[in-house]
2 protein chains.
Amino acid sequence: MARRGSYAKGVAKREEILERALEVVAREGYRGASVKEIAEAVGLSQAGLLHYFDSKEELFTEILRKRDEHDGDEFRTDAPGAARAAYLRVIRHNVQTPGLVELFSRLAVEAADPAHPAHAYFLERTTELRAQLAQQADEFSGIRDVPPETLARIVQAVTDGLQLQWLLDRTVDMAGTVEALFAILDDARATQDGKDD
Amino acid sequence: MARRGSYAKGVAKREEILERALEVVAREGYRGASVKEIAEAVGLSQAGLLHYFDSKEELFTEILRKRDEHDGDEFRTDAPGAARAAYLRVIRHNVQTPGLVELFSRLAVEAADPAHPAHAYFLERTTELRAQLAQQADEFSGIRDVPPETLARIVQAVTDGLQLQWLLDRTVDMAGTVEALFAILDDARATQDGKDD
DNA sequence: GTCTATACTCTGATAGAC
DNA sequence: GTCTATCAGAGTATAGAC
């Protein structure tokens with residue numbers, strides 16, 4: 001991967017910075033986290049940190065990517081019928097890392113601009129996640145007249161929307177509400193199964 | 001309401017500014033709208049504009065309040081059975097004002113901080129909207145085992161989440177997806193109606 | 001009361017010394 | 001590779017003209 005030693009060292013340092021930044025944001029919250037704050041937490045000056053990233057926005061995008069990596073390692077499952085449970089575990093874990101939820105939501109809005117460094121990241125992430133959900137047809141879909149992609153989009157929208165509600169009011173039960181949605185989807189499917197046209 | 005003529009004039013000017021700012025943001029988009037930009041669009045200097053508002057955040061919060069007023073005037077209905085249709089009309093109208101959708105989503109995240117001027121606004125708005133939805137039990141709820149407040153929260157979360165998806169990808173069909181959710185709720189209710197325990 | 005001019009502070013970005 | 005110094009731009013606060 002690395003073409004030269006110095007390049008490889010740069011990559012390693014980048015990873016080290018991201019791991020540390022991820023931890024800091026998760027633990028201490030976002031609070032309009034400036035580059036300077038993260039730099040100090042990581043043990044660098046502001047300019048020193050930006051040596052490894054093109055901009056603040058790119059740094060934050062990479063922090064979110066790193067989180068996805070960790071979540072994938074920790075929660076991904078191939079066990080049949082376990083997709084919902086894994087999904088809910090991620091949501092419950094998010095409650096432990098409010099700073100990352102805030103960073104995610106904030107960047108999701110800012111990335112609306114196609115020129116934003118996180119624009120591609122969010123498009124890819126959202127598309128991939130939707131494909132995963134739609135693929136678990138047995139668990140997430142099976143309702144006639146409503147395509148799996150639309151069901152996946154609804155589950156995704158509820159999750160993102162609940163994060164906004166939860167950021168505003170920490171007593172909101174994100175996982176419980178998503179579970180309620182799953183129950184509703186099951187009921188709707190049962191209705192459809194009963195029909196015969 | 002006004003204690004003196006001069007105070008009334010200040011209020012009138014404030015209203016005029018808000019109307020104009022609402023129009024500008026709706027038409028020209030948000031694009032990280034600075035106070036300066038809005039001030040110029042309104043025909044004032046930056047400091048002149050901030051004479052009428054405590055801060056940038058308060059200005060933006062008031063712009064959103066003004067939008068709620070307009071939406072209420074235009075779309076609110078008391079006709080029985082028309083709540084869903086009115087809700088969908090607002091969503092379709094939002095597609096015409098992307099700048100306001102972006103402003104709303106952005107402030108929704110920033111208002112997570114209890115010290116933010118928009119914090120109270122979002123809490124009130126979200127609570128009131130949820131109460132309205134939950135109240136329309138015939139249209140929005142009626143599913144046993146899932147309390148109306150939870151159903152209302154789900155509808156609300158889907159709406160907010162779809163806005164995030166739509167900001168990222170303008171081909172997303174917000175109204176159509178919410179309609180699909182309504183259909184699913186109807187199906188789930190039909191299932192429950194069939195049960196007898 | 002209304003508004004302009006100005007200055008202060010903070011941020012992210014960049015150039016250049018070491 | 002990392003720092004210091006510096007810059008441009010934003011939001012905010014103030015003095016004071018009218």
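In what follows, chains are A, B, ... by sequence order, proteins preceding strands, each numbered from 1. In what follows, every heavy atom counts, from backbone to side chain, and hydrogens, waters and symmetry copies are set aside.
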field: Electrostatic pair A:Arg14:A:Glu62 at N-O distance under 4.0 angstrom
entry: yes
Heavy-atom side-chain proximity of A:Asn94 to A:Leu100 below 4.5 angstrom: no
task: Figure out the OH/C1' separation between B:Tyr52 and D:dT12, and round it to whole Å.
output: 18 Å
message: Is the positively charged end of B:Arg84 above the ring of B:Phe182, judged by distance under 6.0 angstrom from the centroid and angle within 45° of the axis?
response: yes
- request: Could you state the atom-to-atom distance from CG of A:Leu49 to P of C:dA13 in whole Å?
  value: 10 Å
message: Closer than 4.0 angstrom, basic N to acidic O: yes or no for B:Glu110 and B:Arg106?
response: no
task: For A:Arg14 and D:dG1, give me the distance from atom CZ to atom P, rounded to whole Å.
output: 13 Å
- request: Tell me whether the OP1 or OP2 atom of D:dC3 has a side-chain N or O from A:Ser45 closer than 4.0 Å.
  value: yes
Collect all protein-nucleotide pairs involving nucleotides 14-18 of chain D in which both atoms are nitrogen or oxygen and the distance is under 3.5 Å.
none

task: Go through A:Arg20 and A:Glu16 one step at a time and tell me if the salt bridge (Lys or Arg N to Asp or Glu O under 4.0 Å) criterion holds.
output: CA-CA 6 Å; A:Arg20 187 97 182 83; A:Glu16 185 195 321; over 6 Å; no
field: Nucleotide D:dA10, atom P - distance to OH of B:Tyr30 in whole Å
entry: 13 Å
Do any N or O atoms of the protein come closer than 3.5 Å to N or O atoms of nucleotides 9-12 of chain C, and which pairs are they?
{"from": "C:dG12", "atom 1": "OP1", "to": "A:Val35", "atom 2": "N", "distance (Å)": "3.3"}
{"from": "C:dG12", "atom 1": "OP1", "to": "A:Lys56", "atom 2": "NZ", "distance (Å)": "3.2"}
{"from": "C:dG12", "atom 1": "OP2", "to": "A:Val35", "atom 2": "N", "distance (Å)": "3.0"}
{"from": "C:dG12", "atom 1": "N7", "to": "A:Gln46", "atom 2": "NE2", "distance (Å)": "3.2"}

statement: note: A:Lys13, atom NZ; D:dG1, atom P; distance rounded to Å ~ 10 Å
query: Do A:Arg89 and A:Glu74 meet the salt-bridge criterion of a basic N to acidic O distance under 4.0 Å?
result: no
- prompt: To the nearest Å, how far apart are B:Glu58 CD and D:dA13 C1'?
  reply: 16 Å
task: Report yes or no: do B:Tyr121 and B:Asp68 form a side-chain donor-acceptor pair below 3.5 Å?
output: yes
B:Gln165 side chain to A:Thr126 side chain, donor-acceptor N/O pair below 3.5 angstrom: no
- request: Determine whether the aromatic ring centres of B:Phe104 and B:Phe122 lie less than 6.0 Å apart.
  value: yes
- line: B:Phe53 atom CZ is separated from C:dG1 atom P, nearest whole Å, by 16 Å
